[in-house]
Amino acid sequence: MGFVKEFKEFAMKGNVMDMAVGVIIGGAFGKIVSSLVDDIIMPLVGKALGNADFTNLYVALSDSIPAGASLADAKAAGSVFAYGSFIQNVVDFLIIALCIFMMIKGMNKLNKKKEEAPAPEAPKGPTQEELLAEIRDLLKKN
């Protein structure tokens, strides 16, 4: 029974639950970024590059692939080097990496503010005028 109790304590710790929530949100975020890249960014880039469709960019590695075939048809007919899909996946990765970087940078900034304790008050002492008066009095004595 000790193993089950120990596992339950581990599974219910805040870090494990936070990680589970992060994985679920990360999966959903990945889908959003993929849609952003596939449906918005790459069509605009393709239009700017002369109506290039990145989803169908490939190099045929087999002679049995007819010229001008779509990527799906080319894959069915033989081996292809689908570099258009690779370009889209690289753009996906860069956007996700940028978002994670910005999120971690923001979290570090928040943690830094929490760690900064207010500076202790300066010890109460004589004011500048009082010090100058003391110096004046000492000079008068000499």
Side-chain angles (χ1 to χ4, degrees), residues 1-139 142:
M1 196 54 139
F3 177 78
V4 173
K5 182 179 178 185
E6 208 174 319
F7 178 74
K8 183 178 177 183
E9 286 177 18
F10 167 76
M12 292 302 158
K13 281 187 180 176
N15 293 343
V16 174
M17 298 306 283
D18 290 345
M19 185 178 69
V21 169
V23 167
I24 293 168
I25 290 174
F29 182 71
K31 288 180 182 180
I32 291 170
V33 171
S34 292
S35 177
L36 173 72
V37 171
D38 295 344
D39 302 330
I40 297 174
I41 293 175
M42 295 312 284
L44 292 174
V45 171
K47 183 72 173 170
L49 296 177
N51 293 328
D53 180 12
F54 279 84
T55 58
N56 282 318
L57 293 179
Y58 66 90
V59 174
L61 301 177
S62 174
D63 294 335
S64 62
I65 299 172
S70 69
L71 180 60
D73 294 338
K75 281 184 176 181
S79 298
V80 295
F81 178 69
Y83 65 92
S85 298
F86 177 75
I87 291 171
Q88 285 188 318
N89 288 330
V90 168
V91 172
D92 273 356
F93 169 77
L94 291 175
I95 291 173
I96 290 173
L98 176 68
C99 291
I100 290 172
F101 171 75
M102 297 302 287
M103 183 177 64
I104 289 174
K105 187 174 180 175
M107 288 174 53
N108 287 341
K109 188 178 273 190
L110 289 174
N111 286 338
K112 188 176 180 182
K113 285 182 181 179
K114 286 181 184 177
E115 290 173 4
E116 289 178 3
E121 288 186 31
K124 299 290 181 188
T127 63
Q128 187 175 6
E129 289 81 18
E130 292 171 340
L131 288 173
L132 289 172
E134 273 186 52
I135 293 170
R136 182 195 62 213
D137 294 341
L138 286 172
L139 288 173
N142 291 338

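For Asp39 and Ser35, the side-chain atoms include at least one donor-acceptor pair closer than 3.5 Å.
The two atoms that bring Pro43 and Asp38 nearest to each other are CD-O, 3.3 Å, heavy atoms only. For the residue pair Ile40 and Leu44, the shortest heavy atom distance occurs at O-CG, 3.2 Å. Residues Ser85 and Leu71 share a closest heavy-atom pair of OG-CD2, 3.9 Å. Nearest heavy atom pair, residue Ser64 against residue Ala77, reads OG-O, 2.9 Å. Contact detail for Val80 and Ala74: the closest heavy-atom pair is CG1-CB, 3.6 Å.
The neighbour count for Glu130 CD, taken as heavy atoms of other residues, nucleotides or ligands under 6.0 Å away, is above 12. The neighbour count for Phe93 CZ, taken as heavy atoms of other residues, nucleotides or ligands under 6.0 Å away, does not exceed 12.
Between atom CD1 of residue Ile32 and atom CG of residue Leu36 there is a gap of 9.5 Å, rounded to the nearest 0.5 Å. Rounding to the nearest 0.5 Å places CG of Asp92 at 9.0 Å from CE of Met42. Here Glu134 contributes atom CD and Leu139 contributes atom CG; the two are 11.5 Å apart, rounded to the nearest 0.5 Å. In this structure, the separation between CZ on Phe81 and CG on Leu61 is 8.0 Å, given to the nearest 0.5 Å. Within the model, atoms OG of Ser62 and NZ of Lys75 stand 14.5 Å from one another, a figure rounded to the nearest 0.5 Å.
Residues Met107 and Leu110 have side chains not in contact (no heavy-atom distance under 4.5 Å, counting atoms from C-beta outward). Taking 4.5 Å as the limit, some side-chain heavy atom of Ile41 sits within range of a side-chain heavy atom of Ile95.
Under the side chain to side chain donor-acceptor pair (under 3.5 Å) criterion, Ser79 pairs with no residue at all, not counting sequence neighbours.
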